[in-house]
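See structure below.
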Amino acid sequence: MKTKPLSELEQEVMDVVWALGKCTIREVVDETNKTKNLAYTTIATILERLHEKGLVNKDTSAFTVVFVPKQTKEEFSRKMARTLLDRFFGTFGDAALASFAQSIDRLPKEKKEYFLKILHEYDKNKNE
């Protein structure tokens with residue numbers, strides 16, 4: 001299943017769901033309202049969208065609806081990266097590879113070193 005990108009607000013709400021692990025709409029409202037003022041109905045709509053996108057399970061068996069992430073943030077980010085890179089490289093081919101390499105070269109030194117370390121470890125593990 002292709003991973004669909006999230007809107008900025010969906011991402012903020014999903015970050016709260018990941019942080020809480022298991023939550024009600026009210027808990028998400030309380031957490032998000034620490035930084036911005038959003039209506040209960042807005043959060044409910046966003047959580048329903050996240051459910052429709054397959055990112056959260058929705059348990060309606062109790063009096064209160066409970067949402068639980070279906071995957072970790074790391075799993076989601078891997079799927080999202082794979083989807084974006086497949087589309088990027090599929091559309092632009094070698095030009096995309098050159099552009100990607102140039103972008104990595106512009107990363108801060110620590111991020112670039114971390115990326116190259118991960119790439120090396122992945123390549124090493126793949127060839128074993």
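Worth knowing before you read on, the calculation uses all heavy atoms, side chains too, and leaves out hydrogens, waters and symmetry mates.
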Connected via hydrophobic side-chain network under 4.5 Å: [X] and [Y]:
X	Y	value
Met14	Val68	no
Leu84	Phe92	no
Leu116	Leu97	yes
Ile25	Val66	no

Practice item. Check the pair Leu38 / Asn33 against side-chain contact (heavy atoms from CB on, under 4.5 Å), numbers first and verdict last. Key: CA-CA 6 Å; Leu38 297 171; Asn33 282 347; 3.9 Å; yes
Point to revise | 4.5 Å side-chain heavy-atom contact, Gln11 and Glu8 | key: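 No; the side chains remain at least 4.5 Å from each other.
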Rounded at 0.5 Å granularity, tell me how far [atom1] in [X] sits from [atom2] in [Y].
X	Y	atom1	atom2	value
Glu12	Ser7	CD	OG	8.5 Å
Thr32	Tyr40	OG1	OH	12.0 Å
Lys117	Glu113	NZ	CD	10.5 Å
Glu10	Leu47	CD	CG	10.0 Å
Ile43	Leu9	CD1	CG	6.0 Å
Asn57	Gln71	CG	CD	10.5 Å

Check your understanding: Taking NZ, NE, NH1 and NH2 as the nitrogens, is one of them in Glu48 or Lys58 under 4.0 Å from a carboxylate oxygen of the other?
Key ->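 Here Glu48 pairs with Lys58 in a salt bridge, since their nearest N and O are under 4.0 Å apart.
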Check your understanding: Are Arg26 and Asp30 within salt-bridge range, i.e. N to O under 4.0 Å?
Key ->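 Answer for the salt bridge query: yes.
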Exercise for review: Flag yes if more than 12 heavy atoms outside Glu121 fall under 6.0 Å of its CD atom; otherwise flag no.
Suggested key: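 Yes.
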Review point. Sub-3.5 Å donor-acceptor pair from the side chain of Gln102 to the main-chain atoms of Ser99, do we have one?
Key: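 A pair under 3.5 Å: no.
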Exercise for review: Please answer whether the main-chain N or O of Phe88 pairs with a side-chain N or O of Thr91 as donor and acceptor at a distance below 3.5 Å.
Suggested key: no
Check your understanding: Which class fits the ring pair Phe100 and Phe89: parallel under 30°, tilted 30 to 60°, perpendicular over 60°?
Key -> perpendicular
Exercise for review: Verify side-chain contact (heavy atoms from CB on, under 4.5 Å) between Phe76 and Leu6, making sure each step is shown before the conclusion.
Suggested key: CA-CA 11 Å; Phe76 176 76; Leu6 302 178; 3.8 Å; yes
